Amino acid sequence: MTPTPTPRRPRWRSLALLALLLAPLLWPLQQLAERYYRDELIEQNRQTLDLYVANLLGTLRRFEVLPNILADLPPLRALLATPDDRAQQDRANRLLTRVREETGADVIYLMSPQGITLTSSNWDQQDSFVGRDFTYRPYFREALAGKQGRFFGLGTTSRKRGYFFSSPVRDGERVIGILVVKVDLDDAESLWGNTPEQLMVTDSNGVVIISSHRDWRFRATRPLDNAERAAIAANQPYPTQAPTPLQLDDSAWLIQSRALQETGLTASILAPRQLVERPVRTAVAIGAASLLALLALLGLLLQRRRHYIERIALDARAKRELEIRVLERTHDLETLNDRLKDEVLEREQAQQELLRTQDELVQAGKLSALGTMSASISHELNQPLAAIRSYADNAGVLLDHQRTDEARGNLKQISELTGRMASIIAHLRAFARRDRHAPESVALQPALDDALALLAKRRRALDVELIRDLPEATLWVQAGETRLRQVLGNLLANACDALSEKAPPRRMWLSAESTPTGVNLILRDNGPGFSAQALEHAREPFFTTKTSTQGLGLGLAICETLMRALGGELLLANHPDGGAQITLQLRHATPGANLAATEEFS
Ligand code: ADP
């Protein structure tokens with residue numbers, strides 16, 4: 001048998017290897033996810049930035065035109081004509097306060113061409129601009145030059161971030177005053193919610209002026225050149241004269257910027273890259289998990305397939321083994337069968353041998369018994385016979401000599417001797433009678449079958465056709481089982497002997513007829529039949545027409561004796577159509593009842 005292949009285990013190892021090989025596939029996945037989430041974030045932030053910029057620009061533009069309009073107001077012009085008139089001052093102050101309240105500006109104020117604030121909307125507050133000098137501010141210079149001025153700067157007193165719009169107040173070509181509107185930018189910062197994205201507005205110097213990130217305020221996002229530094233020192237837009245640099249890590253922030261036209265400002269939105277990295281990591285993790293799950297599934301499928309194949313192989317092996325075992329068993333059975341056949345044959349041969357030996361023994365036994373019997377008979381009878389002969393001879397001689405008394409004496413001796421012989425014969429008969437048994441109830445058909453079976457071989461050899469005409473019902477007769485079989489055997493053997501003398505066809509008839517007292521069993525053959533002499537003497541002992549080796553002439557004599565002992569009779573005859581016909585007259589017996597103990601063959 002082929003050895004069972006050891007199951008290959010390292011399948012999981014190869015799957016792990018496959019997983020390693022497939023791992024680079026996660027890189028494009030990561031790239032794709034990154035691009036997707038980044039684009040999404042950028043788009044979202046772009047919209048936020050657009051909104052913010054639109055809002056900021058809207059606010060600024062709302063105030064951009066205000067100084068120009070206010071410049072034409074008569075109370076302001078009147079004040080410029082008489083700057084020291086208190087009543088005019090007061091009127092102008094109240095006017096600006098009202099305008100400020102209505103427009104939402106932070107501060108509105110009017111300066112003289114010398115840079116002194118004449119009136120201001122915050123005239124009644126602590127940090128009032130009235131009387132203050134703002135000549136250092138660029139918006140003053142620009143307006144003085146007849147242009148519209150713009151400027152971002154930290155309020156020097158309020159410390160609040162503001163965007164300044166300025167316009168010249170003209171009297172013909174001459175600039176007689178400067179009107180300034182300050183817009184509060186602190187609000188623009190407070191609008192920003194508490195989001196991970198950070199807002200940053202830088203001015204033209206690249207310095208952060210508005211930011212949701214408190215630490216970034218007033219820090220320079222790019223290096224400042226000398227001119228810029230000088231301008232900062234002069235204009236003082238920031239709380240510091242030298243803004244510290246702000247290094248923003250590009251790898252940590254995703255920056256989107258938009259320039260605000262005309263203002264010189266740039267609004268930026270900074271999104272931490274983590275916002276992209278986190279979902280990308282999740283996507284990659286899901287991808288990796290899916291890959292692993294797929295591999296695990298593949299592994300399981302492969303394992304199941306392998307189990308299935310192994311089971312099929314196992315089944316096939318079991319089937320093969322079974323077939324081999326069946327073949328072996330069949331072979332064993334065939335051998336056994338052959339041996340049995342041989343044994344049966346041997347047994348048959350042995351049985352035949354036994355039968356033959358038995359026959360020979362019976363024959364030898366018969367002969368020896370006969371020899372012994374004839375020896376004893378002749379010994380017993382010869383002596384008196386010889387004496388009788390000599391007495392008779394003597395008696396003759398004595399009678400010749402007229403010696404009658406002596407002759408009578410001899411005759412008396414003869415008479416005594418014959419008496420003795422008769423007694424010897426009587427002894428022999430008595431001896432013969434000694435073996436007689438009382439009859440018993442015997443089934444006729446089985447006994448006949450037995451006798452036929454013993455002669456079956458011989459019948460077959462002679463090709464004798466047996467014609468049976470016996471009733472189905474068992475015929476019970478008074479007999480001895482062995483003796484009946486012996487008689488039947490003898491008669492059937494005689495029939496075979498007779499049939500062997502003629503040419504085929506050879507036939508034997510067996511029939512039975514019921515009589516008032518019993519059963520007549522008739523055996524008939526189509527042999528030569530009894531000769532007239534045989535018909536007369538056949539029942540006598542030692543009468544035979546056969547050669548000395550074939551016959552002893554005792555068969556029918558014995559049959560006769562046995563039949564008589566059983567209370568039956570043996571009748572010999574020839575059939576009208578030729579051949580012998582022997583009738584056994586037997587007595588009825590009660591079915592199945594043994595009339596006496598089972599006899600033994602004597
Ligand atoms: P044996 O065995 O020597 O023949 P048996 O007593 O059996 O002695 O028979 C005496 C004789 O009777 C036989 O020799 C034979 O001549 C004659 N006989 C017996 N049976 C038959 C028969 N069926 N047909 C013709 N003759 C028979």
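Note: hydrogens, waters and symmetry copies are ignored here, and every other heavy atom, side chains too, is used. In listed order, ligands and their atoms are each counted from 1. Owing to the predicted nature of the structure, the values given are computational and were not obtained by experimental measurement.
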Indicate, as side chain, backbone, both or neither, the part of N490 found under 4.0 angstrom from ligand 1 when only non-hydrogen atoms are considered. neither
For D525, the ligand 1 atoms with a heavy-atom partner under 4.0 Å come out as 23 (N)
After noting the C-alpha distance and the side-chain angles of D469 and R524, does the key distance pass the salt bridge (Lys or Arg N to Asp or Glu O under 4.0 Å) rule? CA-CA 12 Å; D469 183 22; R524 180 192 153 197; over 6 Å; no
Between R458 and D497, is there a side-chain N and carboxylate O pair less than 4.0 Å apart? yes
With L455 as partner, the option from L488, L462, V464, L492 fulfilling side-chain contact (heavy atoms from CB on, under 4.5 Å) is L492
Is there a donor-acceptor contact under 3.5 Å linking the side chains of E348 and Q352? no
Working note: D405 + R408, criterion salt bridge (Lys or Arg N to Asp or Glu O under 4.0 Å); need CA distance, chi angles, decisive distance, verdict. CA-CA 5 Å; D405 287 342; R408 193 175 288 120; 3.2 Å; yes
Would you say G529 touches ligand 1, if touching means a heavy atom closer than 4.0 Å? yes
Would you call E353 and R356 a salt bridge, taking side-chain N to carboxylate O under 4.0 Å as the test? yes
Less than 3.5 Å between some nitrogen or oxygen of L556 and one of ligand 1, yes or no? yes
Please classify the A538 to ligand 1 contact at 4.0 Å (heavy-atom distances, strictly less than): side chain, backbone, both or neither. both
Which of the numbered atoms in ligand 1 are under 4.0 angstrom from any heavy atom belonging to N494? 7 (O), 19 (C), 20 (N)
Considering the heavy atoms of A580, write down every atom of ligand 1 situated less than 4.0 Å from one of them. 22 (C), 23 (N), 24 (N)
